Structures are given as structure tokens and as C-alpha cells.
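See below for the structure under consideration.
Predicted model, so just to flag it, every value in this text is computed and none were measured. Just so you know, these numbers use all the heavy atoms, side chains as well, and skip hydrogens, waters and symmetry mates.
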Amino acid sequence: RQRWRADGRALRKLPVHVGLVVTEEEPSYADMASLVVWCMAVGISYVSVYDHNGIFKRNNSRLMDEILKQQQELIGLDCSKYTMEFANQDKTGQVLNCQSTLKVLSPEDGKADIVKAAQNFCQLVAQQQRTHTDLDVNVLDNLLNSTNGFPDPDLVLKFGPVDSTLGFLPWHIRLTEIISLPSHLNISYEEFFSALHLYAACEQRWGK
């Protein structure tokens with residue numbers, strides 16, 4: 001645990017929110033749990049888990065059980081000391097401890113956020129608090145943040161041969177650094193940390 005914390009502090013920059021996107025057909029609960037726990041261990045505050053078939057989301061409790069087991073085995077936390085809550089009062093996420101929050105997502109989540117934001121804007125127009133000409137990138141971004149409750153991902157780790165994020169939070173990742181890895185199966189901590197190191201070393205130009 002001490003080593004992982006030291007690794008996180010040693011990086012020039014650490015992402016606040018990491019998206020773990022699996023494009024492979026056979027997701028592994030144990031390997032995904034390892035990735036989530038490593039994110040927690042180095043000090044990442046928000047983690048999103050996503051697969052394009054929604055397997056992790058449909059089996060959220062199975063993934064959570066594996067994460068709690070590995071949390072205790074790998075970083076020695078007494079899980080009974082932490083209150084388990086749903087993030088944002090929905091069943092797509094849970095607070096793992098006071099420092100890291102997990103959301104388990106599927107393709108409909110990103111689209112649903114955009115639809116909800118559009119509905120909220122239409123209501124503001126109907127109430128004459130806004131006009132249709134007010135809609136721009138910043139306004140939509142604020143509306144999405146108010147419905148999502150998570151900061152946009154700084155980094156997406158994409159696992160598998162598919163050259164696409166397959167619908168993962170389409171609006172939220174427009175400025176996100178995306179690093180591709182061959183597979184999440186049997187992934188090692190060294191591979192995970194190398195990806196964080198790549199992110200820490202990259203210069204983000206924000207489209208300039």
C-alpha cells in the first residue's frame with residue numbers, strides 16, 4: 001500500500017477521474033477489480049468502469065464483491081469501517097471509501113445524460129429563463145455536469161483491439177487523454193502504472 005501511494009505521489013500529474021473501457025467480448029471481474037483497486041491505491045478519486053455490452057453494470061454486485069475482496073487483500077483495508085452508499089443515489093455506482101468513488105456504466109448512460117441535459121434546457125426556455133440562442137458548449141457542459149455528478153474523465157484506459165471507445169460518455173471525453181492497452185486480461189500493475197506514467201508525461205494542448 002505504501003509503495004502504491006508513493007507511486008501516485010511520484011507522478012508529475014495524477015488523473016482525478018479515470019475511465020476503464022473494455023472493448024473485449026469476455027470481461028474479467030477479477031482483472032477489472034484489480035484495476036479499480038490500483039486506481040484507489042495510487043490516489044485517483046473517481047473511477048468509471050464501462051463495457052459496451054453493459055455486462056459489468058448488469059452484474060454490478062458481482063463486480064463490487066470482487067473489488068471489496070481485492071481491496072482487503074491488496075491494500076489491507078478493513079471494509080467494514082466504510083459505509084457503502086450509492087453514488088448520486090442511483091444504482092450505477094457506489095462509494096468504496098471516503099477517497100474513491102466508482103461508477104459502473106453502459107452505453108445508455110452517456111446518451112441519457114445528454115437527453116436529460118437537453119430536456120433541462122428546454123424547460124428553462126419554456127420558463128423564459130433562457131432563449132434557444134443561449135445554447136452553446138459551455139451551457140451544455142454545465143447542464144451535463146449538474147446531471148452527471150462526476151468530473152469529466154482526465155484519462156481513459158481502453159482495453160482490447162477495437163479502435164473506439166464504443167459509446168463511453170461521448171460528450172465528456174472530448175478533452176480526455178485516451179491510452180490503448182492490448183487487453184485487461186491478466187494485466188499487471190506495472191502495465192497499469194506505465195499507462196499512468198504516459199499520461200503524466202503527455203502535454204495536453206486542449207485542441208490548440
Side-chain angles (χ1 to χ4, degrees), residues 3-4 7-8 10-60 63 66-67 70 74 92-93 96 100-114 141 144 148 150-208:
R3 174 208 168 179
W4 289 322
D7 282 347
L11 292 170
R12 190 164 63 88
K13 59 179 177 179
L14 188 69
V16 174
H17 179 186
V18 170
L20 304 172
V21 177
V22 174
T23 66
E24 297 157 280
E25 291 301 321
E26 296 293 332
S28 162
Y29 293 90
D31 291 314
M32 183 51 68
S34 294
L35 285 160
V36 171
V37 173
W38 293 334
C39 285
M40 294 167 55
V42 298
I44 293 166
S45 300
Y46 299 92
V47 184
S48 294
V49 171
Y50 177 93
D51 70 279
H52 64 289
N53 291 319
I55 294 171
F56 286 130
K57 185 173 180 180
R58 285 197 304 275
N59 300 281
N60 191 30
L63 177 62
E66 186 66 41
I67 290 168
Q70 292 200 35
L74 296 178
T92 63
L96 294 174
S100 300
T101 306
L102 171 70
K103 264 204 167 187
V104 185
L105 304 170
S106 61
E108 65 264 20
D109 289 301
K111 294 173 186 173
D113 281 345
I114 294 172
D141 202 38
L144 280 164
N148 186 44
F150 258 40
D152 290 348
D154 308 286
L155 170 65
V156 163
L157 299 181
K158 182 192 71 67
F159 303 96
V162 181
D163 221 6
S164 167
T165 53
L166 298 177
F168 172 74
L169 296 179
W171 175 269
H172 305 81
I173 60 170
R174 66 199 187 285
L175 300 175
T176 299
E177 192 70 25
I178 300 172
I179 295 175
S180 295
L181 296 164
S183 176
H184 74 303
L185 301 174
N186 301 313
I187 190 166
S188 67
Y189 174 76
E190 285 69 29
E191 291 172 291
F192 164 77
F193 188 68
S194 291
L196 292 186
H197 206 275
L198 273 177
Y199 167 79
C202 76
E203 183 183 349
Q204 291 169 291
R205 297 180 179 271
W206 313 113
K208 296 177 183 175

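Counting only distance, with no hydrogens or angles, the side chain of D154 and the backbone of H17 share a donor-acceptor pair below 3.5 Å. Proximity of a side-chain donor or acceptor of Y50 to a complementary backbone N or O of L166 within less than 3.5 Å is detected.
Counting all heavy atoms, side chain and backbone alike, I55 lies closest to D51 at N-OD2, 2.8 Å. Across all non-hydrogen atoms, the minimal contact from S164 to K158 is O-CD, 3.1 Å. Nearest approach of I179 to A195, heavy atoms of both residues: CD1-O, 3.3 Å. When all heavy atoms are compared, the tightest approach of A30 to E66 is CA-CG, 3.7 Å. Taking both residues in full, the closest heavy atoms of K13 and Y199 are given as CE-O, 3.1 Å, listed atom of the first, atom of the second, then distance. Nearest heavy-atom pair across S106 and G54 is CB-CA, 3.7 Å.
Note that the CD atom of E25 and the CG atom of N53 stand 5.5 Å from one another [nearest 0.5 Å]. L196 contributes atom CG, which lies 6.5 Å from atom CG of L157 (distance to the nearest 0.5 angstrom). Interatomic distance, SG of C39 versus CG of L102, reported as 9.5 Å (0.5 Å rounding). We find the CG-CZ distance between D7 and F193 to be 4.0 Å, quoted to the nearest 0.5 Å. The distance from the CD atom of E191 to the OG atom of S183 is 9.0 Å, given to the nearest 0.5 Å. Considering CZ of F168 and OG of S48, their distance stands at 4.5 Å, rounded to 0.5 Å.
Remark: E190 CD is packed, more than 12 non-hydrogen atoms of other residues, nucleotides or ligands lying under 6.0 Å away.
Contact of the P153 side chain with the E177 side chain is not registered, since no non-hydrogen atoms from C-beta on lie closer than 4.5 Å. Within the 4.5 Å cutoff, side-chain heavy atoms of I67 are placed close to those of V37. K57 is not listed as a side-chain neighbour of L105, based on a closest heavy-atom distance of 4.5 Å or more.
Among I44, V156, V47, the single residue meeting the side-chain contact (heavy atoms from CB on, under 4.5 Å) criterion with P15 is I44.
Ring planes of H184 and F159: tilted class, angle from 30 to 60°. In this pair, W38 and Y189 present their aromatic rings perpendicular. The plane angle is above 60°, beyond the 30 to 60° band.
T23 and H52 are not linked by any side-chain donor-acceptor pair at a separation below 3.5 angstrom, with hydrogens and angles left out of the test.
Under the 6.0 Å distance and 45° angle rule, K103 does not count as a cation-pi partner of Y46.
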